[in-house]
A.B. asks: 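Here you go, one structure.
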Amino acid sequence: MPASPNHRAVAVALLVPLIVSLALWAFSWPAARIAPRDLPVGVAGAAPAADALAQRFESRAGAFEVHRYADADAARTAIEERAVYGAVILSAEGPRLLTASAASPVVAQLLTEAVTQAAHDGAAIPVTDVVAAPDADPRGSALGASVLPLTLAGVAAGALVTLMRLRGARAGAALAGASVLVGVAATTLAHTWLGVITGDWWTEAAAIASTTLAAGATVAGLGALLGTRGIGVGALLVVLLGNPFSGVTSAPELLPAPVGTIGQWLPPGAGGSLLRSVAFFDGNASGRPALILALWALLGLTAVLLAGRRRPESAAPAPAGRTPEPAPTP
């Protein structure tokens with residue numbers, strides 16, 4: 001029995017506050033609990049000074065994950081490969097800090113403040129930005145703001161495919177074509193015009209297209225399985241949870257557990273990590289997020305293609321010149 005207008009009105013009145021509450025929780029709670037949680041940092045230098053510094057980091061239970069390196073060159077390589085966010089180098093000239101603001105300006109500032117506070121007599125600690133954020137976006141604001149539009153583009157593509165009842169190869173081609181064009185357009189804006197990403201142009205376009213395709217295929221796949229309700233489920237998963245859990249504006253290791261981990265398994269988090277890797281780190285540490293995006297795209301496209309093969313009997317065309325007979329009345 002279809003719901004009455006009164007029931008639908010009550011459903012709207014209850015559903016809207018529920019969605020708003022969920023959105024406020026998803027966006028505000030992680031942002032209000034920013035703090036290091038198993039944040040990878042490096043320590044390089046000779047014992048016992050390096051041992052003492054490592055123990056000082058580890059004394060903040062659960063805050064830092066300390067990696068030991070033989071010298072400054074090894075620590076610098078680890079930063080460039082995205083194994084750690086920064087490293088403290090202990091030498092005869094005194095301590096110095098290596099950071100990578102391109103990995104996360106928030107973490108770079110956090111490490112600078114933490115090491116400065118730990119210095120004796122408040123002495124200034126020399127800081128070297130090994131992989132610096134671009135001059136056009138020194139705080140990473142533009143990169144962080146780019147993930148939501150890419151996600152929304154994917155959701156829009158998946159929703160249109162569902163509402164237009166595209167199935168099979170046509171749906172897959174529409175999603176792929178839209179994603180490629182989004183990749184080209186977004187890279188033209190972010191790289192060529194704004195200069196906020198500075199890696200290989202085509203690799204960045206592929207990363208953006210992969211993010212859009214993963215989001216779009218997820219929504220379209222859910223739409224193929226659940227009908228128009230799948231659009232809402234996909235938007236909830238990709239936008240309402242995926243975007244605030246992505247950690248792209250700070251770092252996944254600064255978000256409350258298990259939010260940071262969950263976010264990296266969703267398209268926005270994986271897409272943000274992939275774009276950062278190809279834009280600033282020559283593709284280092286890009287394998288895992290690229291694989292996650294490929295899995296989301298594969299699962300979504302598989303659902304869309306399988307839905308295209310289903311052909312309900314009721315949808316079969318009647319023979320030419322004949323009108324389908326009405327179903328017998330019981």
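Keep in mind it's a predicted model, so treat the numbers as computed, not measured.
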A.B. asks: Does any pair with a residue in residues 52-100 pass ring pair (Phe, Tyr, Trp, His ring centres under 6.0 Å), and if so which ones, sequence neighbours excluded?
C.D. replies: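 Sorted pair list: Phe57-Phe64.
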A.B. asks: Inspect the surroundings of CZ in Arg288 and state if more than 12 heavy atoms from other residues, nucleotides or ligands are less than 6.0 Å away.
C.D. replies: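 Atom CZ in Arg288 is crowded, with more than 12 foreign heavy atoms closer than 6.0 Å.
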A.B. asks: Set out, in order, the CA-CA distance, both residues' side-chain angles and the distance that settles side chain to side chain contact (heavy atoms under 4.5 Å, CB included) for Leu222 and Ile231, then state yes or no.
C.D. replies: CA-CA 7 Å; Leu222 289 169; Ile231 299 175; over 6 Å; no
A.B. asks: Rounded at 0.5 Å granularity, tell me how far CD1 in Ile208 sits from NE2 in His191.
C.D. replies: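 Rounded to the nearest 0.5 Å, the CD1-NE2 separation comes out at 10.5 Å.
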A.B. asks: If you take all heavy atoms of Ala215 and Val238, which pair is closest and at what distance?
C.D. replies: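 Minimum heavy-atom contact is CB-CG1, 3.8 Å.
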A.B. asks: How long is the straight-line distance from CG of Leu111 back to OG of Ser101, given to the nearest 0.5 Å?
C.D. replies: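 Between Ser101 OG and Leu111 CG, I get 11.5 Å after rounding to 0.5 Å.
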A.B. asks: Heavy atoms only: give me the nearest Ser104-Arg276 pair and the separation to one decimal.
C.D. replies: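 Closest heavy-atom pair between Ser104 and Arg276: N-NH1, 4.3 Å.
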A.B. asks: So do the side chains of Ser246 and Leu266 get within less than 4.5 Å of each other, counting heavy atoms only?
C.D. replies: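 Contact flag for Ser246/Leu266 side chains = no.
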A.B. asks: Can you list every ring pair (Phe, Tyr, Trp, His ring centres under 6.0 Å) pair that touches residues 251-293, not counting sequence neighbours?
C.D. replies: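 Every candidate ring pair (Phe, Tyr, Trp, His ring centres under 6.0 Å) pair involving residues 251-293 fails, so no pair, neighbours aside, qualifies.
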A.B. asks: Are there more than 12 heavy atoms of other residues, nucleotides or ligands under 6.0 Å from atom CH2 of Trp202?
C.D. replies: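 Result for CH2/Trp202: open.
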A.B. asks: With rounding to the nearest 0.5 Å, note down the distance linking CD1 in Ile79 to CG in Asp129.
C.D. replies: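 These two atoms lie 9.0 Å from each other.
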A.B. asks: Using only atom types and a distance under 3.5 Å, with no angle test, would you say the side chain of Arg96 pairs donor to acceptor with the backbone of Ile125?
C.D. replies: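 No.
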A.B. asks: Which atom names give the shortest non-hydrogen contact between Ser273 and Gln264, and what distance separates them?
C.D. replies: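 Scanning both residues completely, I find the closest heavy atoms to be OG-OE1, 2.6 Å.
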A.B. asks: For Leu97 and Thr128, run side chain to side chain contact (heavy atoms under 4.5 Å, CB included): C-alpha distance rounded to whole Å, both residues' side-chain angles, the deciding distance at 0.1 Å, then the answer.
C.D. replies: CA-CA 6 Å; Leu97 175 64; Thr128 302; over 6 Å; no
A.B. asks: Considering residues, nucleotides and ligands other than Asp282, do more than 12 of their heavy atoms fall under 6.0 Å from its CG?
C.D. replies: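 No, the 6.0 Å shell around CG holds no more than 12 heavy atoms from other groups.
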A.B. asks: State, yes or no, whether a side-chain contact exists between Pro95 and Ile89 at a heavy-atom distance under 4.5 Å.
C.D. replies: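 Pro95 does not reach Ile89 side chain to side chain.
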A.B. asks: Looking at Thr211 and Ala207, would you say the former's side chain and the latter's main chain have a donor-acceptor pair under 3.5 Å?
C.D. replies: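 The answer is yes, because a donor-acceptor pair under 3.5 Å joins these two groups.
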A.B. asks: Can you confirm whether the side chains of Thr188 and Trp201 place a donor and an acceptor under 3.5 Å from each other?
C.D. replies: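 There is no such pair between these side chains.
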A.B. asks: With no hydrogens and no angle check, just 3.5 Å: does a side-chain donor-acceptor pair link Arg82 and Ser277?
C.D. replies: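 Present: a donor and an acceptor within the cut-off.
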A.B. asks: State plainly whether one hydrophobic cluster holds both Leu150 and Leu274, where clusters connect Ile, Leu, Val, Met, Phe, Trp and Tyr through side-chain heavy atoms under 4.5 angstrom apart.
C.D. replies: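 Yes, because Leu150 and Leu274 connect within a single hydrophobic cluster, where side-chain heavy atoms sit under 4.5 Å apart.
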A.B. asks: Taking side chain as C-beta onward, heavy atoms only, is Leu301 less than 4.5 Å from Leu175?
C.D. replies: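 Contact flag for Leu301/Leu175 side chains = yes.
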A.B. asks: With the 4.5 Å side-chain cut-off for hydrophobic clustering, are Leu241 and Leu255 part of the same group?
C.D. replies: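 Leu241 and Leu255: one cluster.
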A.B. asks: If Ile, Leu, Val, Met, Phe, Trp and Tyr residues are connected whenever their side-chain heavy atoms lie under 4.5 Å apart, and connections chain through other members, are Phe245 and Val147 in the same group?
C.D. replies: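 No: no chain of side-chain contacts under 4.5 Å links Phe245 to Val147.
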A.B. asks: Would the distance check show the side chain of Arg37 and the main-chain N or O of Ala35 forming a donor-acceptor pair, the cut-off being under 3.5 Å?
C.D. replies: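 Indeed, once roles are kept as given, a pair shorter than 3.5 Å links the two residues.
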A.B. asks: Decide side chain to side chain contact (heavy atoms under 4.5 Å, CB included) for Thr187 and Thr192; before the verdict, give the C-alpha distance in whole Å, the side-chain angles of both, and the deciding distance to 0.1 Å.
C.D. replies: CA-CA 7 Å; Thr187 307; Thr192 306; 5.8 Å; no
A.B. asks: Keeping the roles fixed (side chain from Thr261, backbone from Ala257), state whether a donor-acceptor pair exists under 3.5 Å.
C.D. replies: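 Such a contact is absent between Thr261 side chain and Ala257 backbone.
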A.B. asks: Do Leu237 and Trp296 have side-chain heavy atoms sitting under 4.5 Å apart?
C.D. replies: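 Side chain of Leu237 against side chain of Trp296, heavy atoms only: contact under 4.5 Å found.
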A.B. asks: Should Ile197 and Val131 be counted in the same cluster of Ile, Leu, Val, Met, Phe, Trp and Tyr side chains packed under 4.5 Å apart?
C.D. replies: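 Shared cluster, yes.
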A.B. asks: Please assess Leu24 against Val20 for the test side chain to side chain contact (heavy atoms under 4.5 Å, CB included), listing each intermediate value before the final yes or no.
C.D. replies: CA-CA 6 Å; Leu24 288 174; Val20 170; 4.0 Å; yes
A.B. asks: Would you say that Glu65 contacts Val41 through its side chain, given a criterion of any heavy-atom pair below 4.5 Å between the two side chains?
C.D. replies: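 Side chain of Glu65 against side chain of Val41, heavy atoms only: no contact under 4.5 Å found.
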A.B. asks: Would you compute the distance between atom CG of Asp51 and atom CZ of Arg56 and round it to the nearest 0.5 angstrom?
C.D. replies: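 These two atoms lie 12.5 Å from each other.
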A.B. asks: Strictly by modelled atom types, are Thr151 and Asn243 linked by a side-chain donor-acceptor pair under 3.5 Å?
C.D. replies: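 No pair is found: no donor N or O on one side chain lies under 3.5 Å from an acceptor on the other.
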A.B. asks: Do Thr249 and Val106 have side chains that get closer than 4.5 Å, going by heavy atoms?
C.D. replies: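 No; the side chains remain at least 4.5 Å from each other.
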A.B. asks: Ala26 and Pro244: which non-hydrogen atoms are nearest, and at how many Å?
C.D. replies: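 Nearest pair, atom of Ala26 first, then Pro244: O-CB, 3.1 Å.
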A.B. asks: If you take all heavy atoms of Pro267 and Leu293, which pair is closest and at what distance?
C.D. replies: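 Nearest heavy atoms, Pro267 then Leu293: O-CD2, 3.6 Å.
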A.B. asks: With distance as the sole test, does Ser179 use its side chain to make a donor-acceptor pair with the main-chain N or O of Leu213 at under 3.5 Å?
C.D. replies: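 Side chain of Ser179 to backbone of Leu213: a pair is present.
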A.B. asks: Which heavy-atom pair separates Ala50 from Gly45 by the least distance, and what is that distance?
C.D. replies: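 That closest heavy-atom pairing would be CB-O, 3.5 Å.
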A.B. asks: Quick check: do Leu22 and Leu236 have side-chain heavy atoms less than 4.5 Å from each other?
C.D. replies: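 Result yes, sub-4.5 Å side-chain heavy-atom pair found.
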A.B. asks: When rounded to the nearest 0.5 angstrom, what distance separates CG in Leu53 from CD in Glu58?
C.D. replies: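 Reported value, rounded in 0.5 Å steps: 10.0 Å.
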A.B. asks: Where the side chain of Asn284 meets the backbone of Glu80, is there a donor-acceptor pair that is under 3.5 Å apart?
C.D. replies: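 Such a contact is found between Asn284 side chain and Glu80 backbone.
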A.B. asks: Does some side-chain heavy atom of Gln109 sit less than 4.5 Å from a side-chain heavy atom of Thr99?
C.D. replies: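 The answer is no; the side chains never approach within 4.5 Å.
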A.B. asks: Do Leu299 and Leu305 belong together in a cluster built from hydrophobic side chains that touch within less than 4.5 Å?
C.D. replies: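 They do not share one cluster, since no chain of ILVMFWY contacts under 4.5 Å joins Leu299 to Leu305.
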